[in-house]
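Convention: sequence-line order gives letters A, B, ...; per-chain numbering from 1. Since the model is a prediction, treat every value here as computed from it, not as a measurement.
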Amino acid sequence: MPDSIDSRRARIYSVVSLIPTGYVTTYGQVAVLAGIPGQARQVGYALAALSGDHDVPWHRVINAKGEISLRTHGDDGNRQHALLEEEGLRFDSNGRIALSRFGWRPENRA
DNA sequence: GATCTGACCACCG
DNA sequence: CCGGTGGCCAGAT
């Protein structure tokens with residue numbers, strides 16, 4: 001009995017949409033919260049498959065290194081960086097985000 | 001309808 | 001931190 005899921009993607013979108021402004025989370029974290037620990041890939045694919053119609057703050061999702069992933073460093077990558085800064089996030093010299101500082105934790109879950 | 005490709009992470013060393 | 005391996009799904013051609 002599948003929980004069923006409309007698909008793991010639906011869960012992922014839900015979790016991501018729960019991320020508070022000014023915070024970021026990693027794909028792995030989202031995967032866990034979505035109920036698919038270890039399958040961070042699915043998260044990446046899910047976000048990648050996002051279409052123009054979505055209310056999901058995908059820009060708040062970054063890789064475990066605290067850096068923006070996006071293989072295609074195009075508008076999306078640039079956009080994510082801008083959006084995060086706009087939300088008050090800070091990037092270090094390496095262009096990374098201090099997860100220890102802005103990393104969203106379920107305990108902090110507003 | 002099969003094949004290819006794509007925002008990753010955990011574990012091991 | 002880096003490198004290699006395994007695990008998973010959906011969309012596009």
### Query
Can you tell me if CD on E86(A) sees more than 12 non-hydrogen neighbours from other groups inside 6.0 Å?
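Counting neighbours around CD of E86(A), 12 or fewer heavy atoms of other residues, nucleotides or ligands fall under 6.0 Å, so no.
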[N] [atom2] sits how many Å from [X] [atom1], rounded?
X      : N       : atom1 : atom2 : value
I12(A) : dA10(C) : CD1   : C1'   : 11 Å
L99(A) : dC1(C)  : CG    : P     : 10 Å
Q42(A) : dG6(B)  : CD    : C1'   : 11 Å
N94(A) : dC1(C)  : CG    : P     : 10 Å
R8(A)  : dC8(B)  : CZ    : C1'   : 16 Å
E67(A) : dC2(C)  : CD    : P     : 11 Å
Q80(A) : dC8(B)  : CD    : C1'   : 13 Å

### Query
According to the 5.5 Å centroid and 30° plane-angle thresholds, does Y45(A) stack upon the nucleobase of dG6(B)?
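Here Y45(A) meets both the 5.5 Å and the 30° conditions.
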Could you pull out the protein-nucleic contacts involving nucleotides 9-13 of chain B (nitrogen or oxygen on both sides, under 3.5 Å)?
from, atom 1, to, atom 2, distance (Å)
dC9(B), OP1, A64(A), N, 2.0

Shortest non-hydrogen separation from [X] to [Y] and the atoms involved:
X      : Y       : answer
I62(A) : E67(A)  : CB-O, 3.6 Å
Y23(A) : R101(A) : CE2-O, 4.4 Å
A64(A) : T26(A)  : CA-CG2, 3.9 Å
P57(A) : S17(A)  : CD-CA, 3.6 Å

#### Entry: Partners meeting side chain to side chain donor-acceptor pair (under 3.5 Å) with Y27(A) (sequence neighbours left out)
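For Y27(A) there are no side chain to side chain donor-acceptor pair (under 3.5 Å) partners, ignoring immediate neighbours.
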Each nucleotide N or O in nucleotides 1-3 of chain B that has a protein N or O under 3.5 Å away: list the pair and distance.
none

Distances under 3.5 Å between protein N/O atoms and the N/O atoms of nucleotides 11-13 of chain C, please, pair by pair.
from, atom 1, to, atom 2, distance (Å)
dG11(C), OP1, R9(A), NH1, 2.7

### Task
Drop me the distance from L18(A)'s CG to W104(A)'s CH2, to the nearest 0.5 angstrom.
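The CG atom of L18(A) sits 5.5 Å away from the CH2 atom of W104(A).
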### Message
Enumerate the salt bridge (charged side-chain N to carboxylate O under 4.0 Å, His left out) contacts for residues 87-96 of chain A, please, sequence neighbours excluded, ordered by first and then second residue.
### Response
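As it turns out, the salt bridge (charged side-chain N to carboxylate O under 4.0 Å, His left out) pairs with a partner in residues 87-96 of chain A, which skip direct neighbours, are R60(A)-E87(A).
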### Task
Say whether V32(A) and V16(A) are linked into one hydrophobic cluster, either directly or through other cluster members, by side-chain heavy-atom distances under 4.5 angstrom.
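Shared cluster, no.
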Would you tabulate the side-chain donor-acceptor contacts of residues 38-50 of chain A under 3.5 Å, counting partners in other chains and residues two or more places apart, or write 'none'?
from, atom 1, to, atom 2, distance (Å)
R41(A), NE, Y45(A), OH, 3.0

